[in-house]
Every structure is written in C-alpha cells, then in structure tokens.
Amino acid sequence: MMAGEAPELSAQERAGKAFPVSWDQFHRDCRALTWRLNEVGPFHAVIAITRGGLVPAAIVARELGVRVIDTVCIASYDHTKQGDLQVLKGISDQAMKLGGGTGKGLLIVDDLVDTGKTGKLVREMLPDAHFATVYAKPKGRPLVDTFITEVSQDTWIFFPWDTALSYHPPLRDGAA
Ligand SMILES: O=P(O)(O)OC[C@H]1O[C@H](OP(=O)(O)OP(=O)(O)O)[C@H](O)[C@@H]1O
Ligand code: HPA
Ligand SMILES: [Mg+2]
C-alpha cells in the first residue's frame, strides 16, 4: 500500500452485515431447496462446485436419491477477498456424457452466489444444466435457477464449516 492510499477492504469489511448460519439451519435450508428441486428433476447427476458446494450437494443428492456426484473445483476467494477465478479441476468426461455435452439433466449445486462470477463460469461449461444454490445475493441471483434465501449484497454469510462457537460479550458492554 502506498502512503496516503486507503487500505483495500475485504469483501466482508465492505459487506458489514454478518449472517451466521448454524449446521441445523443449513441442513433445513438444504432440505427446503430439495423440495423445490424435486419438482424440477429427475437429474442424472449432481455437480458440486467445490469446496462450498460439497456440503449442500451431499444433502441434496441424498434427498433426491442421486448417486452420481461430480465436482468442478474452482477457487476465487482467499478468505474474504476475491481474486481471479482458477479452475483447478473440470467436469469429468463421464458426467459431461450424462448431460449430453450441454449439461441437460444435470444439477449444479453451490452454497451461494455472490457476484455471480463462479456461477457464470460453470454455466458456460454446462449451459443446459439446472443451477441451484442455498443462498443468493442480488448480483448473482439472475444466474441461479433455484435458491432458498436471498441476503443483501452487503451481507457476509458465515458457514458452519468456517466458524466455531465463541464467547460473545453482552450487549450493554458494547457488543454490536
Ligand atoms: O458469486 P461469487 O462472487 O463468484 O462467489 C461465490 C463463490 O465463492 C465461494 O467459493 P470460494 O471461491 O470462496 O471457494 P470455496 O468454495 O472453496 O470456499 C462460494 O462457495 C461460491 O462458490
Ligand atoms: O458471503 C459469503 N460467505 C462465505 N463465502 C463467500 N464467498 C463469496 N461470498 C461469500
Ligand atoms: Mg465455492
């Protein structure tokens, strides 16, 4: 950082609002997502966008009775700061074949869409697939076919696998 330059804010610092999600809540939201997806399927396979999509993909696949699960491995956020998207592993040939080359009958699952960059990249790989996320922020929302809860763009979602229980000071002692 140069002298006089404002420090670069992370996505979470820009976001300001925190939305912590417990395991219970996440499981409930995934089941609610499956209720909606059950009306859209059947699906030949679930494609999880790792890593965040692995947990909802397991729950959704279990509920829908889908046993073929593939991954597309994409990294963009280093903790809360988004960098360039990196495809670390593409979709397998076998899953591509099941989707007829365009993703028809395949279900893409991720934990959330934020700016939509990750979702857009996967949609380009599988244009005819159905894209489902548990949570959606307004910028990414148009990319998603089915989601459960929308949060504002300035909210940061804390997932249970990224957090731990900790002491919280009482409100009157200055807790936000
Ligand atoms: O809509 P976008 O702005 O692209 O952000 C959404 C993506 O960001 C997070 O993944 P991340 O890159 O942090 O990797 P992870 O799933 O391995 O945590 C999240 O799981 C989504 O995949
Ligand atoms: O709000 C978020 N929470 C966790 N990971 C994320 N990756 C992009 N946005 C988010
Ligand atoms: Mg992810």
Side-chain angles (χ1 to χ4, degrees), residues 7-34 36-37 43 45-63 66 69-92 95 99 103 106-127 129-166 168 176:
E8 204 184 329
L9 296 179
S10 70
Q12 193 210 328
E13 284 163 335
R14 283 197 305 275
K17 292 182 212 157
F19 182 77
V21 180
S22 68
W23 283 110
D24 266 9
Q25 184 63 49
F26 192 76
H27 198 176
R28 266 196 300 275
D29 288 341
C30 287
R31 283 209 170 117
L33 182 64
T34 319
R36 292 199 183 156
L37 294 171
F43 299 103
V46 168
I47 314 292
I49 305 180
T50 74
R51 295 159 303 179
L54 285 167
V55 184
I59 297 167
V60 165
R62 188 265 177 186
E63 296 299 333
V66 176
I69 300 172
D70 193 15
T71 54
V72 53
C73 305
I74 299 185
S76 70
Y77 287 80
D78 178 10
H79 185 34
T80 56
K81 201 162 158 288
Q82 190 170 32
D84 292 335
L85 294 190
Q86 284 184 67
V87 181
L88 305 170
K89 178 204 157 283
I91 297 149
S92 72
L106 301 186
L107 174 65
I108 305 165
V109 175
D110 206 351
D111 50 2
L112 83 147
V113 275
D114 187 321
T115 62
K117 283 187 191 168
T118 307
K120 185 166 176 285
L121 189 66
V122 181
R123 290 227 81 140
E124 283 165 5
M125 298 174 187
L126 298 169
H130 191 93
F131 183 30
T133 65
V134 189
Y135 306 110
K137 298 189 191 180
K139 275 193 191 163
R141 196 188 139 165
L143 285 161
V144 186
D145 296 307
T146 308
F147 67 94
I148 288 300
T149 301
E150 180 168 354
V151 301
S152 63
Q153 201 65 44
D154 63 349
T155 294
W156 189 261
I157 301 170
F158 287 97
F159 291 106
W161 51 88
D162 283 333
T163 52
L165 286 178
S166 65
H168 195 262

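Both ligands and their constituent atoms are indexed starting at 1 by order of listing.
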Legend entry - Least distance between heavy atoms, Cys73 atom then Thr50 atom: CA-OG1, 3.2 Å
Inset, instruction - Could you tell me which atoms of ligand 2, counted from 1 in the order shown, lie closer than 4.0 angstrom to a heavy atom of Phe159? - result: 4 (C)
Legend entry - Under 3.5 Å: donor-acceptor pair, side chain of Arg123, backbone of Leu143: yes
Inset, instruction - Please determine if Asp145 and Arg36 form a salt bridge, counting it only when a charged side-chain N lies under 4.0 Å from a carboxylate O. - result: no
Legend entry - Side chain, backbone, both or neither: the part of Thr50 lying under 4.0 Å from ligand 1 by heavy atom: backbone
Inset, instruction - May I ask you to check if ligand 1 and Gly52 share an N or O to N or O distance below 3.5 Å? - result: yes
Inset, instruction - Take Ser22 and Asp24 through the test side-chain hydrogen bond (donor to acceptor under 3.5 Å, both in side chains) and record every step on the way to the result. - result: CA-CA 5 Å; Ser22 68; Asp24 266 9; 5.6 Å; no
Legend entry - Region of Ile157 engaging ligand 2 - heavy atom pairs below 4.0 Å: both
Inset, instruction - Heavy-atom distances under 4.0 Å are what count here, so tell me which part of Asp110 touches ligand 1: side chain, backbone, both or neither. - result: side chain
Inset, instruction - With heavy atoms only and a cut-off of under 4.0 Å, state how Leu112 meets ligand 2: side chain, backbone, both or neither. - result: side chain
Legend entry - Gly116 heavy atom under 4.0 Å from ligand 1: yes
Legend entry - For Leu112, the ligand 1 atoms whose distance to one of its heavy atoms is below 4.0 Å: 6 (C), 19 (C), 21 (C)
Legend entry - Numbering as shown, the atoms of ligand 1 that approach Val113 to under 4.0 Å (heavy-atom distance): 1 (O)
Inset, instruction - Give me the one residue out of Thr155, Asp29, Asp110 that meets side chain to side chain donor-acceptor pair (under 3.5 Å) with Tyr135. - result: Asp29
Legend entry - ligand 1 versus Asp111: contacting region, heavy-atom distance under 4.0 Å: side chain
Inset, instruction - Check whether more than 12 heavy atoms from other residues, nucleotides or ligands sit under 6.0 Å from atom NZ of Lys139, and answer yes or no. - result: no
Inset, instruction - Measure from the side-chain N and O atoms of Asp70 to the backbone N and O of Ala95, and report whether any donor-acceptor pair falls under 3.5 Å. - result: no
